[in-house]
Amino acid sequence: MGLFYKIKQLLFVELRVLKFKLLSDCKNTVGKPNLYHPLLLKGKGSISFGNNVQIGVVASPNYFSHYAYLEARNENSVIQIGNNVSINNAFSAVAFSKIRIGDNVLIGTNCSLMDNDAHHLASNKRHESSISKEIVIENNVFIGSNVTILKGVTIGENTVIGNGSVVTKSIPKNVIAAGNPAHVIRELPC
């Protein structure tokens with residue numbers, strides 16, 4: 001590795017990772033992910049990482065321009081990430097209640113998980129907190145790039161979610177699902 005590579009890593013990666021670590025304000029954090037991409041941890045709740053969690057992929061879009069964002073909004077909000085999880089660049093997860101990601105999960109570029117609607121649909125209630133429902137990503141799930149997963153969804157183990165999908169309802173185990181809204185395309189062999 002040459003001097004130019006080391007300077008580039010320091011200026012465009014390591015200092016950005018440090019900056020977002022300093023900007024993070026979530027005090028109840030357990031575990032230490034392997035950071036290849038900046039990570040911002042926000043909120044009053046708890047965020048936990050299992051063993052061998054990777055955030056960011058060098059040879060992937062958004063590496064130099066984006067960051068990962070995890071927010072456990074309220075005191076009782078929880079984000080749990082299991083063991084051997086690989087999360088690509090530009091990932092975000094916002095929990096008002098709970099988001100749980102199991103073991104051996106792969107998550108593509110620019111994915112978003114949100115366990116709430118952020119604001120009520122009724123115009124007279126837009127400034128009130130919305131309803132929140134837990135998101136569960138079971139073990140050995142593969143989520144493609146540009147996927148959005150909404151409140152109340154459980155994705156069953158071994159399932160694959162295709163690129164660009166919007167997951168509005170739970171998906172069973174051992175299937176491929178894709179679309180907007182996502183639906184089962186076919187079963188996977190066990």
Side-chain angles (χ1 to χ4, degrees), residues 9-10 13-58 60 62-64 66-118 129-145 147-159 161 167 170-171 173:
Q9 278 297 109
L10 174 66
V13 179
E14 293 173 24
L15 288 177
R16 287 183 71 231
V17 168
L18 178 61
K19 175 178 95 172
F20 282 86
K21 186 180 276 189
L22 293 172
L23 292 171
S24 294
D25 66 7
C26 184
K27 305 291 185 215
N28 191 4
T29 304
V30 177
K32 187 174 179 184
N34 300 315
L35 296 179
Y36 297 94
H37 190 63
L39 172 62
L40 186 60
L41 302 173
K42 301 292 284 178
K44 299 175 185 174
S46 66
I47 301 172
S48 64
F49 301 93
N51 296 319
N52 196 34
V53 174
Q54 175 181 325
I55 307 285
V57 176
V58 176
S60 194
N62 304 319
Y63 179 66
F64 290 109
H66 289 65
Y67 61 94
Y69 180 84
L70 301 179
E71 180 183 353
R73 173 76 54 101
N74 305 310
E75 288 181 11
N76 295 324
S77 303
V78 175
I79 297 175
Q80 294 176 328
I81 299 175
N83 300 314
N84 305 311
V85 174
S86 182
I87 299 173
N88 209 314
N89 306 328
F91 173 76
S92 67
V94 177
F96 280 37
S97 58
K98 186 174 186 179
I99 295 174
R100 184 172 57 85
I101 299 172
D103 297 336
N104 305 306
V105 172
L106 298 173
I107 300 176
T109 303
N110 197 37
C111 289
S112 175
L113 283 66
M114 192 168 207
D115 74 350
N116 62 84
D117 294 330
S129 295
S130 67
I131 297 170
S132 178
K133 294 181 183 174
E134 179 179 4
I135 293 174
V136 177
I137 311 297
E138 293 184 348
N139 295 338
N140 205 38
V141 168
F142 173 30
I143 299 170
S145 294
V147 171
T148 300
I149 300 172
L150 301 178
K151 71 178 185 183
V153 166
T154 296
I155 298 177
E157 66 181 341
N158 305 317
T159 286
I161 304 295
V167 186
S170 294
I171 305 292
K173 66 181 183 176

All side chain to side chain donor-acceptor pair (under 3.5 Å) counterparts of N74, not counting sequence neighbours: none

Separation of [Y] [atom2] from [X] [atom1] (nearest 0.5 Å):
{"X": "F142", "Y": "I155", "atom1": "CZ", "atom2": "CD1", "answer": "12.5 Å"}
{"X": "I171", "Y": "T159", "atom1": "CD1", "atom2": "OG1", "answer": "7.5 Å"}
{"X": "L39", "Y": "I87", "atom1": "CG", "atom2": "CD1", "answer": "8.5 Å"}
{"X": "I47", "Y": "L70", "atom1": "CD1", "atom2": "CG", "answer": "5.0 Å"}
{"X": "L41", "Y": "S24", "atom1": "CG", "atom2": "OG", "answer": "4.5 Å"}
{"X": "I137", "Y": "I99", "atom1": "CD1", "atom2": "CD1", "answer": "8.5 Å"}

What's the shortest heavy-atom distance between [X] and [Y], and which atoms?
{"X": "C26", "Y": "G45", "answer": "SG-O, 3.4 Å"}
{"X": "A90", "Y": "N62", "answer": "CB-ND2, 3.8 Å"}
{"X": "S170", "Y": "G152", "answer": "OG-O, 3.6 Å"}
{"X": "A72", "Y": "S77", "answer": "C-CB, 3.6 Å"}
{"X": "I161", "Y": "V167", "answer": "CG2-CG2, 3.9 Å"}

Pairs touching residues 129-141 that satisfy salt bridge (Lys or Arg N to Asp or Glu O under 4.0 Å), sequence neighbours left out: none

Salt bridge (Lys or Arg N to Asp or Glu O under 4.0 Å) contacts in which one or both residues fall within residues 70-79, not counting sequence neighbours: E71-R73

Side chain to side chain contact (heavy atoms under 4.5 Å, CB included) between N89 and H37, worked out: CA-CA 7 Å; N89 306 328; H37 190 63; 3.6 Å; yes

What side-chain donor-acceptor pairs closer than 3.5 Å can you find for residues 104-115, not counting sequence neighbours?
{"from": "N104", "atom 1": "OD1", "to": "N84", "atom 2": "ND2", "distance (Å)": "3.4"}
{"from": "T109", "atom 1": "OG1", "to": "S60", "atom 2": "OG", "distance (Å)": "3.2"}
{"from": "T109", "atom 1": "OG1", "to": "N88", "atom 2": "OD1", "distance (Å)": "3.3"}
{"from": "T109", "atom 1": "OG1", "to": "N88", "atom 2": "ND2", "distance (Å)": "3.4"}
{"from": "N110", "atom 1": "ND2", "to": "N146", "atom 2": "OD1", "distance (Å)": "2.8"}
{"from": "S112", "atom 1": "OG", "to": "S92", "atom 2": "OG", "distance (Å)": "3.4"}
{"from": "D115", "atom 1": "OD1", "to": "F96", "atom 2": "N", "distance (Å)": "2.7"}
{"from": "D115", "atom 1": "OD1", "to": "S132", "atom 2": "OG", "distance (Å)": "3.3"}
{"from": "D115", "atom 1": "OD2", "to": "F96", "atom 2": "N", "distance (Å)": "3.1"}
{"from": "D115", "atom 1": "OD2", "to": "S97", "atom 2": "N", "distance (Å)": "2.8"}
{"from": "D115", "atom 1": "OD2", "to": "S97", "atom 2": "OG", "distance (Å)": "2.9"}
{"from": "D115", "atom 1": "OD2", "to": "K98", "atom 2": "N", "distance (Å)": "3.0"}
{"from": "D115", "atom 1": "OD2", "to": "S132", "atom 2": "OG", "distance (Å)": "3.2"}

Any pair counted as side chain to side chain donor-acceptor pair (under 3.5 Å), so long as it reaches residues 25-35, sequence neighbours left out: D25-K42

Among residues at least two apart in sequence or on other chains, which ones pass side-chain contact (heavy atoms from CB on, under 4.5 Å) with [X]?
{"X": "L150", "value": "T148, V166, T168"}
{"X": "K173", "value": "E157"}
{"X": "N83", "value": "N51, D103"}
{"X": "L10", "value": "E14, L15"}

Test salt bridge (charged side-chain N to carboxylate O under 4.0 Å, His left out) applied to R100 - qualifying residues, sequence neighbours left out: none

Residues that Y67 engages under ring pair (Phe, Tyr, Trp, His ring centres under 6.0 Å), provided they are two or more places apart: F20

Sequence-distant partners of Y36, ring pair (Phe, Tyr, Trp, His ring centres under 6.0 Å), two or more places apart: none

L18 atom CG, over 12 foreign heavy atoms within 6.0 Å: yes

Donor-acceptor under 3.5 Å (S86 side chain, Q54 main chain): no

